[in-house]
K.L.:
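The following block contains the structure, expressed as structure tokens.
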Number of protein chains: 2
Amino acid sequence: MKVLIVDDDRTLADLLAFTMRRSGFEPIMAFSAPEAIRVFEVQPVDVVILDVNMPGEPGLRDGFDVCQQIRKTSDVPIILLTVRDDEEDVVSGLSMGADDYVLKPFSPRQLVARVKSVLRRSSPKGHIAEEPFTFGEIKFDPNRREFLRPGGSPETLTRLEALLLEYMMLNAGQILPAENIISHVWGPDGGSTEMLRQLIRRLRMKIELDPTKPELIQNLPGIGYGFKA
Amino acid sequence: MKVLIVDDDRTLADLLAFTMRRSGFEPIMAFSAPEAIRVFEVQPVDVVILDVNMPGEPGLRDGFDVCQQIRKTSDVPIILLTVRDDEEDVVSGLSMGADDYVLKPFSPRQLVARVKSVLRRSSPKGHIAEEPFTFGEIKFDPNRREFLRPGGSPETLTRLEALLLEYMMLNAGQILPAENIISHVWGPDGGSTEMLRQLIRRLRMKIELDPTKPELIQNLPGIGYGFKA
DNA sequence: TACATTTGTGACAAACCTGTGATAATTGTT
DNA sequence: AACAATTATCACAGGTTTGTCACAAATGTA
């Protein structure tokens, strides 16, 4: 599994290479935008890690141009590296075809997780279906987002509803702190208790026999919610 | 949930210990690199907080060496403490296996959030449950705030009641000074003896067989309260 | 023993949490 | 572009929790 690492900062590039090698990938290095394109043309890779800020030349000024260029000819997953305050960079990069991004500085574990995540998402062959959840006669298939229970009709959940239910089922029998749930569903800086409340409501409407007397989704005041095992 | 705190600055180390204890962790202290390794070898911990700049000895010169050493044998999450301008420190530390870092100076809240975050990331399910407390046939589950004792019905405690009981159980068999209890439950500038009194009353109403003759929660006049082991 | 302080108790007010409904904004599909 | 579906935002209500005040009982000290 080859990973192309594109970064003009050699220290960081070495760190990235070290990290990826440690996780079973074979790193291929490029230290500028033009070099990245050259390397990419002769060496097929499975994923690209691409620093946004990097010297280039006319027509290949920075990481964005590299991203765009690669995207013209390839579907390879691309992860952008950017600094914390450059959220505009992120949006631009994603609109140019990048698949994900990681904010500097980052932990090795986080980076590897992201790489694996984009590989999972982008590979039709490598896609491994998630196991359905089963609790007695209750079933939830995260791949189809389909919920089944006796006494109720099959329900197709929306994206956020499915994310929520999956997280609660993964930790069935526990009450999960609201902040954990929010972070999991909406990301580190997204969401609110109010949004969670509304999502809980919508999910209950779909999966409880009587949403006013919930049996599956429990609340502990001041703490959070959980799925009763 | 045990946290190993490694810092040669004893004042800061004590503050860290206080902060972590307040958030439900049990702090284990080490004040030098060699001591950290010795402690780590005999005491399993759930997370390590590690100051980068710290006196050591050949082979264990500073926090980085500790990090590297620990990483050889363990996947325990490691958080580095470092000063603002040492981004190279961060990269080095991360390349040696640390999971995250916190820049000095930092707020207690930020540190706790980071600790919980790395624990969450390192847990496959994304949630860590706290251990229940058991004293004979008496049980208290802080996750559900549920109190059980023979001869009484199960009680769900409120947030503050649970905070109080947990703190007393963590220090069972001792009389805790009122000001410490108040600080723990309401924060450094919150609370009052009057509020504590009322909270004690409410907790006793829930967990004592006869609240007028308390057996579990004891008072030492002029000092404070404690949970009888 | 007398008095001061601490602790226990009860009652009510203020604040908070969660459920619910409605509408606006955003996203996805044709 | 039009429409449908999903998500976010706002508002309100009911129930619970916490804070505040007042008074009684217990404890400690001179």
Side-chain angles (χ1 to χ4, degrees), chain A residues 91 94-95 144-147 155-165 167-168 175-179 181-187 189-226, chain B residues 144-147 155-168 175-187 189-227:
Chain A
V91 175
L94 294 178
S95 75
R144 305 161 54 123
R145 294 205 215 119
E146 196 161 71
F147 180 86
E155 290 282 352
T156 302
L157 307 186
T158 66
R159 190 178 76 87
L160 290 190
E161 288 161 5
L163 258 188
L164 173 59
L165 185 58
Y167 185 57
M168 289 198 295
I175 299 293
L176 300 165
E179 69 182 77
I181 302 178
I182 289 166
S183 186
H184 184 82
V185 172
W186 284 281
D189 302 304
S192 64
T193 55
E194 192 162 355
M195 288 158 71
L196 176 56
R197 210 154 69 222
Q198 191 64 216
L199 188 57
I200 288 281
R201 171 167 170 69
R202 280 194 267 123
L203 185 56
R204 275 175 172 158
M205 294 292 281
K206 287 190 177 178
I207 76 171
E208 297 279 356
L209 291 184
D210 180 359
T212 64
K213 295 170 190 167
E215 292 174 343
L216 301 179
I217 302 180
Q218 302 178 313
N219 160 251
L220 184 58
I223 300 283
Y225 300 89
Chain B
R144 301 185 158 270
R145 298 211 218 106
E146 197 160 68
F147 180 84
E155 290 284 350
T156 301
L157 307 187
T158 67
R159 190 179 77 88
L160 290 189
E161 288 161 4
L163 257 189
L164 174 60
L165 183 59
E166 187 176 6
Y167 184 57
M168 290 197 295
I175 299 293
L176 300 166
E179 68 182 80
N180 290 9
I181 302 178
I182 290 165
S183 186
H184 182 80
V185 172
W186 284 281
D189 301 306
S192 65
T193 56
E194 192 162 357
M195 287 156 71
L196 176 56
R197 211 155 69 222
Q198 190 65 215
L199 189 56
I200 290 282
R201 168 168 172 67
R202 282 196 260 122
L203 184 56
R204 276 175 170 156
M205 293 292 280
K206 286 192 177 176
I207 75 172
E208 298 278 358
L209 290 184
D210 180 0
T212 65
K213 298 171 189 168
E215 293 173 340
L216 300 181
I217 302 180
Q218 302 179 314
N219 159 252
L220 183 58
I223 304 287
Y225 301 88
F227 185 83

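Naming convention: chains lettered A, B, ... in sequence-line order (proteins, then strands); numbering from 1 in each chain. FYI, side chains are in, hydrogens and waters are out, and symmetry mates aren't considered; it's all heavy atoms of this structure.
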K.L.:
When you measure from every atom of DNA chain C, which of residues 197-209 of chain A have a heavy atom less than 4.0 Å away?
P.N.:
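Contacts with DNA chain C under 4.0 Å: A/Arg197, A/Gln198, A/Arg201, A/Arg204.
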K.L.:
List for me each residue that meets ring-ring contact (aromatic ring centres under 6.0 Å, His included) alongside B/Tyr225, sequence neighbours excluded, and say none if there are none.
P.N.:
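Not a single residue meets the ring-ring contact (aromatic ring centres under 6.0 Å, His included) criterion with B/Tyr225.
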K.L.:
Between the axis at one end of the helix from C/dT1-D/dA30 to C/dT30-D/dA1 and the axis at the other (five pairs apiece), what's the angle to 10 degrees?
P.N.:
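Roughly 40°, once rounded to the nearest ten degrees.
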K.L.:
Report the residues that fulfil side chain to side chain contact (heavy atoms under 4.5 Å, CB included) with B/Leu209, sequence neighbours left out, ordered by chain and then residue number.
P.N.:
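B/Leu209: side chain to side chain contact (heavy atoms under 4.5 Å, CB included) contacts with B/Arg149.
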K.L.:
Heavy atoms only, 4.0 Å cut-off, all strands: where does A/Leu196 land among base, sugar-phosphate and nothing?
P.N.:
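Nothing, no heavy atom under 4.0 Å.
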K.L.:
Tell me which pairs pass side-chain hydrogen bond (donor to acceptor under 3.5 Å, both in side chains) where either residue lies in residues 205-215 of chain B, with sequence neighbours left out.
P.N.:
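For residues 205-215 of chain B, and leaving out neighbouring residues, the side-chain hydrogen bond (donor to acceptor under 3.5 Å, both in side chains) pairs sorted by first residue read B/Glu161-B/Lys206, B/Asp210-B/Thr212.
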K.L.:
Earliest and latest nucleotide of DNA chain D, 5' to 3', sitting under 4.0 Å from a non-hydrogen atom of chain B?
P.N.:
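For DNA chain D, the relevant span reads D/dT17 to D/dG28.
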K.L.:
For residues 195-202 of chain A, which side-chain donor-acceptor pairs fall under 3.5 Å, sequence neighbours excluded?
P.N.:
none

K.L.:
To the nearest 0.5 Å, tell me how far A/Ile223 CD1 sits from B/Arg159 CZ.
P.N.:
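Between A/Ile223 CD1 and B/Arg159 CZ, I get 8.0 Å after rounding to 0.5 Å.
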K.L.:
State the CD1-CD1 distance between A/Ile181 and A/Ile175, to the nearest 0.5 angstrom.
P.N.:
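Those atoms lie 8.5 Å apart.
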K.L.:
When all nucleic acid strands are considered with a 4.0 Å heavy-atom cut-off, which category describes B/Thr212: base, sugar-phosphate, or nothing?
P.N.:
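Here B/Thr212 touches the backbone only, sparing every base.
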K.L.:
Does B/Leu176 reach the side chain of B/Phe227, with side-chain heavy atoms less than 4.5 Å apart?
P.N.:
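Counting from C-beta outward, B/Leu176 and B/Phe227 never come under 4.5 Å.
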K.L.:
With sequence neighbours left out, what residues match B/Thr156 under side chain to side chain contact (heavy atoms under 4.5 Å, CB included)?
P.N.:
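Once residues adjacent in sequence are excluded, the partners of B/Thr156 under the side chain to side chain contact (heavy atoms under 4.5 Å, CB included) criterion are A/Leu220, B/Glu146.
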K.L.:
Where do A/Pro221 and B/Arg145 come nearest, in terms of heavy atoms and distance?
P.N.:
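Taking every non-hydrogen atom into account, O-NH2, 2.5 Å.
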K.L.:
What distance do A/Leu164 atom CG and A/Thr158 atom OG1 have between them, rounded to the nearest 0.5 Å?
P.N.:
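Separation between the atoms: 9.5 Å.
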K.L.:
Calculate, to the nearest 0.5 Å, the distance between atoms CD1 and CD1 belonging to B/Ile207 and B/Ile217 respectively.
P.N.:
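Nearest 0.5 Å value for the CD1-CD1 distance: 4.0 Å.
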K.L.:
Are any of the side-chain heavy atoms of B/Leu163 and B/Trp186 separated by less than 4.5 Å?
P.N.:
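They are not in contact (no side-chain heavy atoms under 4.5 Å apart), so the answer is no.
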K.L.:
Counting C-beta onward and ignoring hydrogens, is there a side-chain heavy-atom pair between A/Val185 and A/Tyr167 closer than 4.5 Å?
P.N.:
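Counting from C-beta outward, A/Val185 and A/Tyr167 never come under 4.5 Å.
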K.L.:
Can you give me the first and the last nucleotide of DNA chain C (5' to 3') that has an atom within less than 4.0 angstrom of a non-hydrogen atom in chain B?
P.N.:
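Going 5' to 3' along DNA chain C, contacts run C/dT6 to C/dA11.
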